[in-house]
Amino acid sequence: MTALTIPGLDQAPTTNARLLTWVQEVAELTTPDRVVWVDGSEEESARINAALVEAGTFVPLKKKPNSYWAASDPNDVARVEERTFICSVDPADSGPTNNWMEPAEMKAIMLDLYRGCMRGRTMYVIPFCMGPLSADKPMLGVEITDSEYVVASMRIMTRMGEKALARFTDDAEFVQALHSVGAPLEPGQADVPWPCNDTKYITHFPEERTIWSFGSGYGGNALLGKKCYSLRIASVMARDEGWLAEHMLILKLISPENKVHYIAAAFPSACGKTNLAMLEPTIPGWRVETLGDDIAWMRFGEDGRLYAVNPEYGFFGVAPGTDYHTNPNAMRTIERGNSVFTNVALTDDGDIWWEGMGEKPAHLTSWKKQDWTPESTELSSHPNSRYCTPMQQCPILAPEWDDPKGVPISAIFFGGRRATTVPLITESRDWQHGVFMGATLSSETTAAAVGQVGVVRRDPMAMLPFIGYHAGDYFNHWIQLGKNANAEKLPKIFYVNWFRRGDDKRFLWPGFGENSRVLKWAIERIEGKAAAEETPIGHVPTPADLDLSGLDAPAEDIAAALDFDAEEWRAELPLIEQWFTKIGDKLPTSLRDEFEALKQRLG
Ligand code: SAT
Ligand code: MN
């Protein structure tokens, strides 16, 4: 078959030569039955959703407008870090924390997999833009995919279709993102509701700003604007151009005096970024507005401050544990409809349910499409089940969410999930010390990635699976940005841990809305209004330094949550040493110096 016979291929709504050539090449390689140029219209969306319902991928929800339940293949539920590659030309540019393969070798393997892989399917061409469309230099991309689920999800998660294509000038640069579920259909062969392939590759060619993904339909593996573009590829662009692409939420904190501070916070996947981004403060008079829950692109403004933009257009949040108590604003966002729920449970009356959503219904259809009752021994929803919902439906969305200038960041939080050792909050001594905190961040693994859950690992800046180049160079980039900036105007860096536990494993700090007390202390430190104790690891508040008025929690627990324990930290030192050894000789000497100084202070 020659490409010209593929219906739709010649209906390109663009004159961008690079795009036209690439689409032609991919169509010839993957031989789909037809090509659709995605315009992002309502009609098209209705068509795609209807096709997904027809295929059994989507079940329409009776209780939520224009919303759908989807259950994945049970083997395709999370990011596959083992199958994720940074194929830089030089292996030294991928570094010790990424998988690497020689680009030509990887391409040969993947070209073999891609050959004919869209047979029997439709190839969709999705032009998209990460970040505001009105940016001087819009951050463009095109995803080619054979998955309707991906088209429907990209419509929620990115600015896509005609409105993005309008920013494609004839010579516009864009990230090429190729995706296939890897499940060609023979003539007459019936499709399955969740096509995918046991062989999976999530591959990045950083020098070419190109992404090749094969075999998975799961969010982080398949929605290529998200982790693949906005973190792995963008972190390389950011290194080259002097900015930061980070795994951070962005929130706006408003004091009772209407003073505004913006905070960016990095936590590993499934450690509460969405909850913090949408928090309802429990302290009177304080308010939070949301700008993003997962990714922040930060550039210095003309005034020397660091400005953050959220490249995304929707939220792809962990469902279990989300309810009107833990995250009322996420619940209000999804109530408005237009959402896709993947791997949660389906109620008999056509709504969704997951663990943590209050009383257990008498009967559900589980994420494995099996009958589920409160007596069932299995969970109704996968721990990494997700809601995918438009950002603009969030009732506390900050009005400046779409401003291409971004918002000036006052504080950066690094945080992980640690049962011991790490206090509720620690303020860094300066930028370099803050970068050390980020570079040595540790967290227990979660269900967001395939693998064992609950194992402590170093997760620098919560970016371990997302740094698109050598981690040592990445640390150096952070250090250099600080050196070149006006220190007075840099955000203050804090290290937080909401997950410290008592002897009986109970959480010491209540979390959620009460985290506003921690935010308040951080802002008051920046404003020079709050006290702290100097410890070997940084400045830590005593219970008296935090606003605990009206907090219903045992005083011993609060003290234990804030406690700096020298013994625990001395036990941490060999782990940091190991980690730095792994980074090797690209570790900046300034971080080595920070480590030696910490050792000294710990005695
Ligand atoms: O990788 S996803 O973006 O799908 C979810 C996550 O791990 O943060
Ligand atoms: Mn994430």
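The first residue of the sequence shown is numbered 1, and numbering continues consecutively from there. Just follow the structure's listing: the first ligand is 1, and inside any ligand the first atom is 1.
For the pair Arg159 and Tyr313, the cation-pi criterion (under 6.0 Å, within 45° of the ring axis) is not fulfilled. Taking the ring centre of Tyr201 as origin, the terminal cationic atom of Arg83 falls inside the region bounded by 6.0 Å and 45° from the ring axis.
Distance check for Lys227 against the Mn ion (ligand 2): an N/O/S atom falls below 2.8 Å.
Residue Tyr149 is tested with Trp194, Tyr218, Tyr124, Tyr68 for a ring pair (Phe, Tyr, Trp, His ring centres under 6.0 Å); the sole match is Trp194.
Residues Glu400 and Tyr262 have side chains that bring a donor and an acceptor to within less than 3.5 angstrom of each other.
Taking a cutoff of 4.0 Å between a charged side-chain nitrogen and a carboxylate oxygen, Glu208 and Lys107 qualify as a salt bridge.
Within 4.0 Å of ligand 1, heavy atoms belong to protein residues Arg79, Tyr218, Gly219, Gly220, Lys226, Lys227, Ser269, Phe316, Arg386, Ala448.
The atom name of the N/O/S atom in Asp294 closest to the Mn ion (ligand 2) is OD1.
In this structure, the side chains of Trp69 and Thr365 come closer than 4.5 Å at one or more pairs of heavy atoms.
Distance OG/Ser180 to CZ/Arg121: 7.5 Å, rounded to 0.5 Å.
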